[in-house]
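Heads up: numbering here begins at 1 and tracks the sequence.
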Amino acid sequence: EGVRKVPGAEFDRRAKVWKIPMDEHALSVLMEVFPDADIEQKVMDWAKERLDRRQQLVNAKTAADADLFYERAADLRPYQRAAVRFLALAEGGLLADEMGLGKTVEMLAALREMEIMDGDGTKELSTYLIVCPNSMRDVWEREIREWWPYDYPIYHVSGEVKGAPPYGFWICNWERTHRRQFLGQHLWSAIVCDESHRMKGRDTKQSKAVRSFEGRRRFLLSGTPIKNEVTDLWPQLQFLEPSRWTSYWKFFDRYVAWKEGFFGKEITGARNEEELRQRLATTVIGRTIDDVDLQLPDLIKRRITVELGK
């Protein structure tokens with residue numbers, strides 16, 4: 001009964017042992033349940049390093065401001081600098097700020113921050129894949145032109161590319177993700193999925209394709225990561241940390257409330273919410289306009305001229 005309290009714990013019937021994931025939160029719960037447990041020193045060292053990192057990320061997320069290497073950090077608002085710091089330290093995660101707070105700018109600043117932290121501040125070698133709705137492709141290009149500190153090539157994915165894609169930003173709409181094989185054959189410096197709730201259907205072609213892409217770092221952007229039910233989260237978490245969120249049904253059993261209906265299991269809500277919130281503390285950052293209202297400027301009006309086609 002004690003081990004069952006540990007998130008992700010499962011019993012291996014063949015080996016007749018309990019197994020828990022390599023997860024600092026899971027280990028901390030285990031240590032609370034069994035305070036006298038004999039834990040190997042190398043495991044304790046690993047846990048201490050991970051827990052220190054966890055605290056560092058939590059502090060970064062809740063900071064009122066942050067010091068950055070990013071060249072245009074002074075142009076960001078304090079809450080944006082805090083998000084950039086968190087994403088850069090986490091090297092992956094879900095940015096769930098409410099619409100209007102500048103997620104696109106925060107993400108670009110975080111990518112640049114990581115370049116500098118890696119010591120690649122002057123190199124032009126990174127290949128970034130941006131997956132977004134078709135309506136956002138021009139928005140991403142405009143923001144890259146404005147916020148990236150130097151001229152970086154921007155490519156719109158239309159057909160196949162032979163060999164390794166050259167460095168730069170590659171922008172692809174969701175509908176093309178399962179139609180372009182080269183996207184899944186290249187190791188990207190980072191993959192950014194905008195409006196990531198579009199992968200909520202775990203069996204759709206788009207969701208499967210994007211989750212199969214290889215990236216050294218992975219990021220998601222969505223003001224509404226849960227559109228309908230808590231199960232919407234699993235494909236997004238599986239994309240971010242495939243070794244941590246291995247099974248949909250384990251996630252379902254642990255965090256989904258349901259009842260037996262005429263057509264099978266009917267989802268009625270979520271359960272173990274505080275535990276899930278703790279597990280996501282180092283993965284998700286999201287603020288509402290009310291959280292940062294004192295930092296927002298007055299309404300900015302912009303006139304945009306649109307050419308009408310046929």
Rounded distance [0.5 Å steps], [atom1] in [X] versus [atom2] in [Y]:
{"X": "R211", "Y": "Q206", "atom1": "CZ", "atom2": "CD", "answer": "12.0 Å"}
{"X": "W258", "Y": "I267", "atom1": "CH2", "atom2": "CD1", "answer": "11.0 Å"}
{"X": "F219", "Y": "L129", "atom1": "CZ", "atom2": "CG", "answer": "13.0 Å"}
{"X": "W188", "Y": "W170", "atom1": "CH2", "atom2": "CH2", "answer": "6.0 Å"}
{"X": "S212", "Y": "F239", "atom1": "OG", "atom2": "CZ", "answer": "10.0 Å"}
{"X": "M44", "Y": "L51", "atom1": "CE", "atom2": "CG", "answer": "9.0 Å"}

Would you check if there is a donor-acceptor pair between the side chains of [Y] and [X] at a distance under 3.5 Å?
{"X": "D52", "Y": "Q56", "answer": "no"}
{"X": "Q41", "Y": "D45", "answer": "yes"}
{"X": "W140", "Y": "D194", "answer": "yes"}

Strictly by salt bridge (charged side-chain N to carboxylate O under 4.0 Å, His left out), give each pair with a member in [range] just once, sequence neighbours left out.
{"range": "residues 162-182", "result": "E175-R198"}
{"range": "residues 244-257", "result": "E10-K250, D23-R244, E241-R244, R254-E275"}
{"range": "residues 80-95", "result": "D65-R81, E91-R217"}

Would you say [X]'s side chain and [Y]'s backbone share a donor-acceptor pair under 3.5 angstrom?
{"X": "Y152", "Y": "S126", "answer": "yes"}
{"X": "D291", "Y": "R287", "answer": "no"}
{"X": "T177", "Y": "W174", "answer": "yes"}
{"X": "T268", "Y": "A257", "answer": "yes"}
{"X": "D12", "Y": "W18", "answer": "no"}
{"X": "K61", "Y": "A281", "answer": "yes"}

Donor-acceptor contacts, no H, no angles, side chain residues 220-231, under 3.5 Å, sequence neighbours left out:
from	atom 1	to	atom 2	distance (Å)
S222	OG	H197	ND1	2.8
S222	OG	T224	N	3.1
S222	OG	T224	O	3.3

**Report entry** side chain to side chain contact (heavy atoms under 4.5 Å, CB included) evaluation trace for V157 with N173
**Finding:** CA-CA 8 Å; V157 175; N173 62 320; over 6 Å; no
**Report entry** F182 and P165, any side-chain heavy atoms less than 4.5 Å apart
**Finding:**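 The answer is yes, as the side chains (C-beta and beyond) meet within the 4.5 Å cut-off.
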Report task. Taking only Lys NZ, Arg NE, NH1 and NH2, and the carboxylate oxygens of Asp or Glu, determine whether R112 and E115 approach each other closer than 4.0 Å. Result ->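 A salt bridge links R112 with E115.
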Query raised in the report: Using 4.0 Å as the upper bound for N to carboxylate O, is an ion pair formed by E141 and R137?
Result: no
Query raised in the report: So, is the end of the R202 side chain (NZ or CZ) under 6.0 Å from the ring centre of Y248 and within 45° of the ring's axis?
Result: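 Yes, R202 lies over the aromatic ring of Y248.
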Query raised in the report: Residues in side chain to side chain donor-acceptor pair (under 3.5 Å) with E143, at least two apart?
Result: W147
Report summary line: Residues at least two apart in sequence or cross-chain that pass ring-ring contact (aromatic ring centres under 6.0 Å, His included) with F213, listed by chain then number, are none
Query - Non-hydrogen atoms of K16 and F11 that approach each other most closely - result: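 For K16 versus F11, the nearest heavy atoms are CA-CZ, 3.6 Å.
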